[in-house]
Amino acid sequence: MKLSALRTVAALRTTAVALTAALAVGVVAGGAATAEPEKPSAVSSIVKDGRVWHLKVYSAAMKKDITIDVQRPVDESKPAPNFYMLNGLDGGEGTASWAAQTQALSFLADKQVNVIQPIGGRGSYYTDWKAEDPKLGLNKWSTFFTQELPPLIDAALGSTGLNSLAGLSTSGTSVLQLAEAKPGLYKSVAAYSGCAQIADPMGKQAVKFSVETWAGGKTANMYGPDNDPAWVENDPVINAEKLRGTNLYISSGSGMPTNADVAYYLNGAPGPMGVINLGLGIGIEAATNACSQNLKTKLDSLGIPATYQFTPMGTHYWPYWEQALHESWPLLAQGMGI
């Protein structure tokens, strides 16, 4: 082979090596050459079981599918609004759910409404966490409930776009936070036995008891250390002005047990555990009652109206929340235009 030809071959080889190296650098440095596009939020699947639809909804924020159970309206041929029912601390992953503990779905069965029941979020308070938690995972629930899920639900169900929201216990805090995160998205909000204040010492202890003692997570991954501004930013009492214009229903008991309460706790667990559970039911409800009273004081000072149901008796368990659902239904229905 002539010298000129050899030089040409060598030049081509050098150019090929340089191009390969450049592409490799581009992949390592910027990732643009091979990076997969972000998977968008979407309804992954729908399984229909009569009037109950089981949806899998992919959350781009949490990078996973979330189970959403929907009880469809009494007349599925017509558009209906959406009633979001949030479960308590176990996120409906166990037996502590509206579906398992109450007759709420039967109560709502004759109504022209989509009953939206998210499953998941154990110990998360349905809020956006600062960091992924080793025990409780990646939690961006506020983003999910205010940005990702509502338009997907509207499209999948052909709904009217009007929404109401209810929660109990820990999610009684969450529903107020969500209403403040996106005012107007949920026209009516009902909080049953929730602690609305989280930034003061008592509120922080309530959150830590739920997240850390019960669920095994770390509030440092949730809102950061005690002096982090995120605690104040997510406190429904401090940010109560953002609730203006929302139909509000706030309920709690005093913590004083009735005979039925005592029987429920003592019969529900044998021996000393029943007594411990009774003590917890009394103490937790008394604390949420104090929080709810403080929320009322703040709303009254701002001239923001709300409906309150503070009962002289009652501990922290399901029959009271089911009764509160019935009593708050006219207000919830008003927000959905039904």
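Hydrogens, waters and symmetry mates are skipped; everything else that's a heavy atom, side chains included, is used. This is a predicted model, so every value here is computed, not measured.
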Is the number of heavy atoms from other residues, nucleotides or ligands under 6.0 Å of [X] [atom1] greater than 12?
{"X": "Met202", "atom1": "CE", "result": "yes"}
{"X": "Asn259", "atom1": "CG", "result": "no"}
{"X": "Lys135", "atom1": "NZ", "result": "no"}
{"X": "Gln103", "atom1": "CD", "result": "no"}

Quick one: closest heavy-atom pair of [X] and [Y], and the distance?
{"X": "Met313", "Y": "Thr258", "result": "CB-CG2, 3.8 Å"}
{"X": "Lys187", "Y": "Gly184", "result": "NZ-O, 3.1 Å"}
{"X": "Asn114", "Y": "Leu157", "result": "CG-CD1, 3.7 Å"}
{"X": "Val175", "Y": "Ala166", "result": "CG1-C, 3.6 Å"}
{"X": "Leu243", "Y": "Ala179", "result": "CD2-CB, 3.8 Å"}

For the residue pair [X] and [Y], establish whether any side-chain heavy-atom pair is separated by less than 4.5 Å.
{"X": "Val207", "Y": "Met222", "value": "yes"}
{"X": "Gln117", "Y": "Val70", "value": "no"}
{"X": "Phe83", "Y": "Ile116", "value": "no"}
{"X": "Gln71", "Y": "Leu108", "value": "yes"}
{"X": "Ser77", "Y": "Asp75", "value": "yes"}
{"X": "Met256", "Y": "Pro312", "value": "no"}

Given 3.5 Å as the limit, does a donor-acceptor pair link the side chain of [X] with the main chain of [Y], or not?
{"X": "Ser97", "Y": "Glu93", "value": "no"}
{"X": "Ser188", "Y": "Gly335", "value": "yes"}
{"X": "Asn82", "Y": "Val113", "value": "no"}
{"X": "Asp154", "Y": "Thr160", "value": "no"}
{"X": "Trp231", "Y": "Gly224", "value": "yes"}
{"X": "Asp235", "Y": "Val237", "value": "yes"}
{"X": "Asp133", "Y": "Gly137", "value": "no"}
{"X": "Lys48", "Y": "Trp53", "value": "no"}
{"X": "Asn163", "Y": "Leu185", "value": "yes"}
{"X": "Trp141", "Y": "Ser124", "value": "no"}

For this output row, return yes or no: ring centroids of Tyr249 and Trp329 closer than 6.0 angstrom. no

Verify the ring-centre separation between Trp318 and Trp98: is it less than 6.0 angstrom?
yes

Cationic tip of Lys39 above Tyr58 ring, under 6.0 Å, 45° of axis: yes

Will you find, in the side chains of [X] and [Y], an N or O donor that is under 3.5 Å from an N or O acceptor?
{"X": "Gln177", "Y": "Asn234", "answer": "no"}
{"X": "Thr67", "Y": "Lys56", "answer": "yes"}
{"X": "Ser44", "Y": "Asp65", "answer": "yes"}
{"X": "Ser41", "Y": "Glu148", "answer": "yes"}
{"X": "Asp261", "Y": "Tyr320", "answer": "yes"}

When you group the ILVMFWY residues by side-chain heavy-atom contacts below 4.5 Å and let the links chain together, are [Y] and [X] in the same group?
{"X": "Val115", "Y": "Phe145", "result": "no"}
{"X": "Leu176", "Y": "Tyr308", "result": "yes"}
{"X": "Met336", "Y": "Phe107", "result": "yes"}
{"X": "Leu168", "Y": "Ile284", "result": "no"}
{"X": "Leu332", "Y": "Leu105", "result": "yes"}

Exactly one of Leu149, Leu152, Ile119 clears side chain to side chain contact (heavy atoms under 4.5 Å, CB included) with Ile68, and that residue is Leu149

message = Quick test of your reading of the model: are Glu212 and Lys208 salt-bridged, counting only N-O distances below 4.0 Å?
response = no

Q. Taking NZ, NE, NH1 and NH2 as the nitrogens, is one of them in Asp300 or Lys296 under 4.0 Å from a carboxylate oxygen of the other?
A. yes

So CD of Gln197 and CD of Gln293: to nearest 0.5 Å the spacing works out to 11.0 Å

Report, one line per pair, each donor and acceptor closer than 3.5 Å where one atom sits in a side chain of residues 189-196; sequence neighbours left out.
residue: Tyr192; atom: OH; partner: Ser328; partner atom: OG; Å: 2.6
residue: Ser193; atom: OG; partner: Glu285; partner atom: OE1; Å: 3.1
residue: Ser193; atom: OG; partner: Glu285; partner atom: OE2; Å: 2.7
residue: Ser193; atom: OG; partner: Trp321; partner atom: NE1; Å: 2.9

Applying ring-ring contact (aromatic ring centres under 6.0 Å, His included) to Tyr264 and not counting sequence neighbours gives Tyr317

Sorted by chain and number, sequence neighbours left out, ring-ring contact (aromatic ring centres under 6.0 Å, His included) with His54 holds for none

